[in-house]
Amino acid sequence: MKTLSIISIISIILLASCTKDYGVKITKPGADLILAKMQSGNWSGASANGNNLTISGSTGSLNGSYNFEEPVLGIGGIYKDSNGGYIMAAPAGDSLHVVKMDENAKKAVDAILDVIDKEGGEAIVGNLISSIIDKGADKIDLSNSEEILKGTSLPADKKAEIENILKNSNGGFTAGESIK
């Protein structure tokens, strides 16, 4: 009987300790982790040091030095070169996804970020970068926004506003590449 009482007490203690909320939450990597990678990341064809990003492994027109301008929803950053050109860069595993854009395309990205919330924004900017890299900046049709807006649940008015911004920025994205 004494053994049964001890086992019962231990069981109750274990049950209580397993159901108690200790305040530990599992979350996905936050913006700080990705932005830290953008400040000190190294890839074989690119390296980041503080606010400076140097690309040397581009097979296209992306080689050069860039200065950090602003973050993009914690998934990457916008950089500017000495000639006034812009790139949007986002680390993804052992690659750095880079999209070259003119001032109008940068304004389009800024406008998109002003219109949407963070979760919708991550999906839209991620889809935009992926589409440009997969299809090529010269082959992507930004007037057809289905591919760019997939995975989002935007209200009709915000969706129409994003579609208009994308349509007006067509041609502003001139190169996209995944640099290893």
Side-chain angles (χ1 to χ4, degrees), residues 28-116 118 120-145 147-151 162-180:
K28 66 180 180 176
D32 294 345
L33 178 66
I34 293 172
L35 291 176
K37 177 84 171 171
M38 292 305 302
Q39 290 183 325
S40 62
N42 282 309
W43 303 267
S44 58
S47 64
N49 184 5
N51 288 336
N52 300 315
L53 175 66
T54 303
I55 299 174
S56 59
S58 171
T59 58
S61 61
L62 298 169
N63 287 332
S65 296
Y66 302 89
N67 293 315
F68 183 77
E69 281 272 310
E70 61 189 83
V72 177
L73 295 174
I75 63 170
I78 293 179
Y79 293 80
K80 188 175 185 179
D81 67 16
S82 60
N83 297 324
Y86 294 93
I87 62 169
M88 182 169 35
D94 63 347
S95 299
L96 179 66
H97 296 311
V98 181
V99 173
K100 190 171 191 173
M101 42 189 196
D102 65 12
E103 192 165 341
N104 289 331
K106 187 210 180 277
K107 287 178 185 176
V109 170
D110 289 341
I112 289 169
L113 298 177
D114 286 343
V115 170
I116 52 181
K118 282 188 174 188
E122 288 176 354
I124 291 172
V125 173
N127 290 343
L128 179 64
I129 292 170
S130 294
S131 294
I132 291 171
I133 288 173
D134 292 345
K135 294 183 178 173
D138 57 336
K139 294 183 175 98
I140 189 166
D141 180 11
L142 294 178
S143 63
N144 178 6
S145 61
E147 187 173 341
I148 307 299
L149 295 176
K150 71 181 176 190
I162 298 297
E163 287 173 341
N164 190 42
I165 292 167
L166 289 170
K167 183 178 171 184
N168 291 334
S169 69
N170 215 8
F173 299 94
T174 56
E177 191 174 338
S178 182
I179 298 173
K180 303 271 183 193

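This chain uses plain numbering: 1 for the first residue, then up along the sequence.
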Engineer: Tell me, please, which residues at least two apart from N67 pass side-chain contact (heavy atoms from CB on, under 4.5 Å).
Structural biologist: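 In terms of side-chain contact (heavy atoms from CB on, under 4.5 Å), with neighbours along the sequence ignored, N67 is linked to N52.
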Engineer: Using a 4.5 Å cut-off on heavy atoms from C-beta on, say whether the side chain of V99 contacts that of L62.
Structural biologist: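 L62 does not reach V99 side chain to side chain.
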Engineer: Heavy atoms only: give me the nearest A46-L96 pair and the separation to one decimal.
Structural biologist: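 Of all heavy-atom pairs spanning A46 and L96, the closest is CB-CD2, 3.9 Å.
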Engineer: Using every non-hydrogen atom in the two residues, find where V109 and M88 come nearest and quote the distance to one decimal.
Structural biologist: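 Closest approach of V109 to M88, heavy atoms only: CG2-CE, 4.0 Å.
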Engineer: Does the side chain of W43 reach to within under 4.5 Å of the side chain of D94, using non-hydrogen atoms?
Structural biologist: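 Heavy-atom side-chain distance check fails, nothing below 4.5 Å.
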Engineer: Could you give the distance from OG (S169) to CD1 (I112), rounded to the nearest 0.5 Å?
Structural biologist: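 So the OG of S169 and the CD1 of I112 are separated by 6.5 Å.
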Engineer: Check whether S131 reaches the backbone of L128 with its side chain - one donor and one acceptor, N or O, closer than 3.5 Å.
Structural biologist: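 No, because the side chain of S131 does not come within donor-acceptor range (under 3.5 Å) of the backbone of L128.
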Engineer: So, the side chain of N127 versus the backbone of K150: is there a donor-acceptor pair under 3.5 Å, distance only?
Structural biologist: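 Between the backbone of K150 and the side chain of N127 there is a qualifying donor-acceptor contact (under 3.5 Å).
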Engineer: Hey, does the side chain of S44 reach the backbone of K180 with a donor-acceptor pair shorter than 3.5 angstrom?
Structural biologist: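 Yes, the answer is positive, given that a donor and an acceptor are paired below the 3.5 Å cut-off.
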Engineer: Considering non-hydrogen atoms only, spot the tightest contact between A105 and G172 and give its length.
Structural biologist: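 Closest pair (atom of A105, atom of G172, distance): CB-O, 3.3 Å.
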Engineer: Run the numbers on D81 and I87 for side chain to side chain contact (heavy atoms under 4.5 Å, CB included), then give the verdict.
Structural biologist: CA-CA 8 Å; D81 67 16; I87 62 169; over 6 Å; no
Engineer: Please examine the side chains of M101 and I78, heavy atoms only from C-beta on, and report whether any two atoms are closer than 4.5 Å.
Structural biologist: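 Touching, per the 4.5 Å side-chain cut-off.
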Engineer: Over all heavy atoms of both residues, which pair between S56 and N63 is shortest? Give the atoms and the distance, please.
Structural biologist: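 It is C-OD1, 3.0 Å.
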Engineer: Between the main-chain N or O of G60 and the side-chain N or O of S58, is there a donor-acceptor pair closer than 3.5 Å?
Structural biologist: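 Yes; at least one donor-acceptor contact below 3.5 Å.
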Engineer: Are T174 and D102 close enough that some pair of their side-chain heavy atoms sits under 4.5 Å apart?
Structural biologist: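 Result no, sub-4.5 Å side-chain heavy-atom pair not found.
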Engineer: Any donor-acceptor pair under 3.5 Å linking the side chain of N83 with the backbone of G85?
Structural biologist: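 No: the side chain of N83 does not pair with the backbone of G85.
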Engineer: Please round to the nearest 0.5 Å and tell me the distance separating atom CD1 of I148 and atom CD1 of I165.
Structural biologist: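 With rounding to 0.5 Å, CD1 (I148) is 13.0 Å from CD1 (I165).
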Engineer: Given the rule in the side chain to side chain contact (heavy atoms under 4.5 Å, CB included) test, do N168 and N104 qualify, once you have shown the distances and angles that lead to the verdict?
Structural biologist: CA-CA 9 Å; N168 291 334; N104 289 331; over 6 Å; no
Engineer: Between L53 and F68, is a side chain to side chain contact (heavy atoms under 4.5 Å, CB included) present by the stated rule, with each step listed?
Structural biologist: CA-CA 7 Å; L53 175 66; F68 183 77; over 6 Å; no
Engineer: Can you see which heavy atom on Y79 is nearest to which on N51, and at what distance?
Structural biologist: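 Heavy atoms of Y79 and N51 come nearest at CE2-O, 4.2 Å.
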Engineer: Do I179 and H97 make a side-chain contact, defined as non-hydrogen atoms from C-beta onward lying under 4.5 Å apart?
Structural biologist: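 They are not in side-chain contact.
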Engineer: Is any side-chain heavy atom of S47 closer than 4.5 Å to a side-chain heavy atom of T54?
Structural biologist: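 Yes, side chains in contact.
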Engineer: Sorted by first residue and then second, give each salt bridge (Lys or Arg N to Asp or Glu O under 4.0 Å) pair with at least one member in residues 55-75; sequence neighbours left out.
Structural biologist: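 Passing the test, one end in residues 55-75: E70-K106.
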Engineer: Nearest 0.5 Å, what's the CG-CG distance between N42 and N49?
Structural biologist: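 N42 CG to N49 CG: 8.5 Å, rounded to 0.5 Å.
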